[in-house]
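Quick notes on the structure that follows.
Every chain is numbered from 1, with letters handed out A, B, ... down the list of sequences.
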Amino acid sequence: MATDSWALAVDEQEAAAESLSNLHLKEEKIRPDANGAVVKTNANEEKTDEEEKEDRAAQSLLNKLIRSNLVDNTNQVEVLQRDPNSPLYSVKSFEELRLKPQLLQGVYAMGFNRPSKIQENALPLMLAEPSQNLIAQSQSGTGKTAAFVLAMLSQVEPANRYPQCLCLSPTYELALQTGKVIEQMGKFYPELKLAYAVRGNKLERGQKISEQIVIGTPGTVLDWCSKLKFIDPKKIKVFVLDEADVMIATQGHQDQSIRIQRMLPRNCQMLLFSATFEDSVWKFAQKVVPDPNIIKLKREEETLDTIKQYYVLCSNRDEKFQALCNLYGAITIAQAMIFCHTRKTASWLAAELSKEGHQVALLSGEMMVEQRAAVIERFRKGKEKVLVTTNVCARGIDVEQVSVVINFDLPVDKDGNPDNETYLHRIGRTGRFGKRGLAVNMVDSKHSMSILSRIQEHFNKKIERLDTDDLDEIEKIAN
DNA sequence: AAAAAAT
């Protein structure tokens, strides 16, 4: 599909998407050989250096976005079927799914050879006829995004020029990231288009959306479905909630998500995906999703094993800042994310670090969407090594080179209690794909020390003290 | 407290 036919939020994405789509301007034939390995052949073998360079650039951007081809047989999968009498069904290859050829082509073009563990189990359930609902929990980096994107693409009828699949993301940045995966995997459908229902993407009044798939954030999607009537919700066949626990938690986007859900037809397929589901949210999920199939992939301990966790003891915010400055040299060996509790602290911290001569980027919800898109793009490309941010980037954002996460403020909920889910999501920005990661928690009071202890108890994992005056130790950790 | 909104 042509890049310019997509409804994109801002020019920044257009440029990025264009560099991705250049990858496949040439006709490509993809087929598995006798051993199941994928063989790619270009119809036109001749490529200029310039094209090769573009290919490599696009591929590396892609690799940063998508790494779900992880096959890890140590994972324990728990499957609970809606109909316990139907046979338990899982696939070991994408061929077994009988996907449309254009879709299979898209899957292989992304470099996926075999389904990941979650995909093996979730795909047959999601593709079964008549359609069934699914609640799936599995760790970041295990292929959730590709799984539900595949489910949407296999149900869509490109000939019908109206939205049929709807996907909700909790933040603007995540919607863009997931959108790129949809574009990539669906690129061999010539007629297929994707619309971004995100802040700042304004359309003319009174028109209807012709794009077959819509990805967006809850506020805009709700407007498009109800007040503005850009989308006819009654025609939606597949409804996906990414990071589903925040989307339906009282403290998250519950109101809007549920209002959208109520507009959908009774037989609409509902797919809920997240890495974490806190108990009460899990119960609520099963209440709002009729007759759900359930898949859980246990991997929590493993993730925490690949991430070294430390804390730095300080007595106030300025000491935290000093400690952070001591760490700066070590954390910039690769890329780092620094999380603050409020937008105000984040912008203060970014400014202070800049004054000290450290280059940092700032990303928070108070910035304009164009600016946010530009910053996340620079961070993805590695042009920015350190990102100071809020919980807006706690979930889903996938940048491969991030090896350090710093909690300048520990994650707490509105009552000031430890927010274990957010903690796991934040430190999960590093140590992805089985890589080693480092998490440093800044403690500045008795109160925050007690929050850290409770987080430590919850995960039953020792968080060791780190002395930032001891540079040898810092060097040791960073390497 | 953050995020999400064409209010």
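Distance, A/Gln256 CD to B/dA2 P: 17 Å, rounded to whole Å. Atom-to-atom, NE2 of A/His341 to C1' of B/dA3 comes out at 12 Å; the value is rounded to the nearest Å. Rounding to whole angstrom units, CG of residue A/Asn407 and P of B/dA2 are separated by 16 Å. Here B/dT7 presents its P atom at 6 Å from NZ of A/Lys227, a figure rounded to the nearest Å. A/Phe408 has its CZ atom 17 Å from the P atom of B/dA1, to the nearest Å. Summarising the geometry, the separation between CG on A/Asp242 and P on B/dA4 is reported as 14 Å, rounded to the nearest angstrom. Put simply, OH on A/Tyr172 is 10 Å from P on B/dA5, counting in whole angstrom units. Summarising the geometry, the separation between CD on A/Glu173 and P on B/dA4 is reported as 7 Å, rounded to the nearest angstrom.
Between A/Phe148 and the choices A/Val238, A/Leu241, A/Thr178, A/Leu272, the side-chain contact (heavy atoms from CB on, under 4.5 Å) rule is met once, by A/Thr178.
For the OP1/OP2 pair of B/dA4 and a distance below 4.0 Å, the side-chain nitrogens and oxygens of A/Arg199 include at least one atom meeting the criterion. For A/Arg372, a side-chain nitrogen or oxygen approaches OP1 or OP2 of B/dA4 to under 4.0 Å. Distances shown here put every side-chain N or O of A/Thr217 at or beyond 4.0 Å from the OP1 or OP2 atom of B/dA3. Put simply, A/Thr390 has no side-chain N or O that comes within less than 4.0 Å of OP1 or OP2 on B/dA1.
In this structure, CG on A/Leu168 lies 11.5 Å from CG on A/Leu174, to the nearest 0.5 angstrom.
Here the side chain of A/Arg343 is nearest to one of B/dA3, B/dA4, B/dA1, namely B/dA3. Closest approach to the A/Lys414 side chain among B/dA1, B/dA6, B/dA4 is made by B/dA1 (side chain taken as heavy atoms from C-beta onward).
Nucleic acid contact class of A/Phe230 (heavy atoms, under 4.0 Å, all strands): base. At a threshold of 4.0 angstrom between heavy atoms, the contacts of A/Leu203 include nucleobase atoms, whether or not backbone atoms are also involved.
Remark: side-chain polar atoms of A/Lys320 are paired, donor with acceptor, to backbone N or O of A/Phe408 under 3.5 angstrom. Within the 3.5 Å criterion, the main-chain N or O of A/Asn407 finds no donor-acceptor partner in the side chain of A/Asn441.
Annotation: A/Lys208, atom NZ; neighbour count of heavy atoms from other residues, nucleotides and ligands within 6.0 Å is above 12.
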